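Numbers restart at 1 for each chain; the letters A, B, ... are given by sequence-line order, proteins then strands. Remember, predicted model here, so these are calculated numbers, not experimental data. As a basis for the values below, the full set of heavy atoms in this structure was taken, side chains included, without hydrogen atoms, waters or symmetry mates.
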Amino acid sequence: MKKLTLSQKAGLLSVGLLAVILLVWQLATLPEAKGVAADVDPEYAALMGGGTSTAASSFPTPAAMAQTVWDKLSDPFYDNGPNDKGIGIQLAYSLARVLGGFVLAAVVAIPLGFAIGNSRVFYQALNPYVQLLKPISPLAWMPLALYTIKDASASAIFVIFICSLWPMLINTAHGVANVRKDWLDVSRTLEVNPLRKAFRVILPAAAPTILTGMRISMGIAWLVIVAAEMLVGGTGIGYFVWNEWNNLSITNVLFAIFMIGVVGMALDSLFGVLSKRVAYQE
Amino acid sequence: MTTPVTHPFLQVENLARAYPSPSGGDAVTVFDHVNFRIHKGEFVCVTGHSGCGKSTILNILAGLDSATTGNVFMDGREVSGPSLDRGVIFQSHALMPWLTVLQNVEFAVKSRWPNWNKHKVREHAMRYIELVGLKGAEHKKPSQLSGGMKQRVGIARAFSIEPKMLLMDEPFGALDALTRGVIQDELLKICAETQQTVFMITHDVDEAILLSDKIMLMSNGPHARIAEIVNNTLPRPRERSAIHKQPHYYPIRNHLVDFLVSRSKQFGALRDAPDAPSSPTVFDPDDLLEPFELTQPESVVVPVPPIGKPHIHLVNA
């Protein structure tokens, strides 16, 4: 037998796993033939939608799911009013909020992290605040945000801001504080001015650590936006999930879960590409 | 080799450095009463055992560290911080790994002459990259270079800012013997061309003899000081392949090795006599040799080393 490469083996295993999942799914969602218990009044059963016909589960079969995915993805941007928008529109709302909160957090966290990383005094002064605020679930801020900002969508952005802030702040400070002394000594002997030192020496030296922080922040932001939108409602993928649950459309909920995963993966690999670009080998 | 007898270019007066004791007791004085002068164009090597504060002295000269007491004057002005007048070559080469060879050198050139345009900066940087024999590798990242090539970039970077003085902290300590030899030859050539004033730390006795005009020997710390100054009278230009045939070579070498092996410890006794003489004794091989030996370099009056004698290279622990 011909030897397979590592990625060929892994690919085969992945496809095999998918086949097993689909098979189990198919078996689990097989219509239960004559699924009416004998002790139930047939008239009552008929009223409940059972009776002589087969009782279809709300959980879709793989084929039905595939059909839904196809239908939804072939028309992602339709807008039939507040409760019926295409998946593309919902995802765009969520992404816009995540991006807004994330950019705001970066604007605050990276300069602040620079300051903390550069100064022991700053570090020790701000450390208790960071340690206290970091473990707070971002959703705990929601009532406070709604009360002070008085706007649901802006509150969601604030929640994303607060959850993206900490990993970026801590990683930036850590990266800046751990720039090799040699490089700083070189810039000192070359009499490099502070601004040039910050942008040409410290920033590139700390960039891989900073980007790791941004990647973690983005991951957390994408987790939190779903929960935040379930609370604030109106638009977004989180609202879509909750709305479809209220509609008892498990198919749509499943579809939304799948899309959340796809977008999250795409965001992470985007940061993976950026990380590669700023990485350096010593 | 004659050095112009003018006012000293670099003057170090009564330098001392103490570190707070880790156990909270009295401060530990690493070295004190350090006095020396370096003339313009002179190549001075410093050697001594680990812990005698050689690197600290170099860092004080560079302005990266400060002395507990004492002063350093260069060109009549006191050294109070890092300056572009003093180029530093670090043992760890200290190249920025995210920049290419050319960008590393350009970074230094742009720091020295901020008003130069891109073209001029590049041209100047390339000249020094060519000088160290790295033409063709200028677009490589440091991680793609061998240890010797990295150190050459460090040399090119230090020379490119055309400093008044060059400080080198064991620049070749991390290199293998063959590479070290090649780069020493290049450094010898560049220094001869540029008349560079150099202060260099080394643990390699042969390196010191090949490169220097003057070798300062430091006694062991704490309370280390410059115990002896050896005038290296070997004529220039020097050739690695022929230098050991010079009549002065083995007297100097033996003197250095003897110092490192035994005399450096005796000077440690000075710590009990804080006001012991701080002016080092000067060793000049001219005083030792009979004149006829100088005129007959081929005569084998000087002690011949036993074959297979180990190469003395004291590595920093």
Between His124(B) and Tyr128(B), what is the ring plane arrangement, given parallel below 30°, perpendicular above 60°, and tilted in between? tilted

Apply side chain to side chain contact (heavy atoms under 4.5 Å, CB included) to the pair Leu203(A) and Trp98(B), showing each step before the final yes or no. CA-CA 11 Å; Leu203(A) 190 64; Trp98(B) 56 89; over 6 Å; no

Could you look at Ala207(A) and say if it's the side chain, the backbone, both or neither that has a heavy atom under 4.5 Å from chain B? neither

Quick one: are Ile237(A) and Glu229(A) in side-chain contact, heavy atoms under 4.5 Å? yes

Cut-off 4.5 Å, heavy atoms of chain A, and the answer for Leu167(B) is neither

Thr202(B): which of Glu207(B), Lys54(B), Glu170(B) passes side chain to side chain donor-acceptor pair (under 3.5 Å): Glu207(B)

dist Asn127(A):CG -> Ile170(A):CD1 (nearest 0.5 Å) comes out at 8.5 Å

Establish, yes or no, whether a centroid distance under 6.0 Å links the rings of Phe36(B) and Phe199(B). yes

Side chain, backbone, both or neither of Ile161(B) within contact of chain A (heavy atoms, under 4.5 Å): side chain

Less than 4.5 Å to any heavy atom of chain B: does that hold for the side chain of Val192(A), its backbone, both, or neither? side chain

Most contacts with chain A, counted as non-hydrogen pairs under 4.5 angstrom, among Gln144(B), His93(B), Lys141(B), Arg157(B): Arg157(B)

Which bit of Arg196(A) is near chain B, if near means a heavy-atom gap under 4.5 Å: side chain, backbone, both or neither? side chain

Pick from Leu190(A), Asp182(A), Asn193(A): which one has the most heavy-atom pairs with chain B under 4.5 Å? Leu190(A)

Structural part of Val278(A) lying under 4.5 Å from a heavy atom of chain B: neither

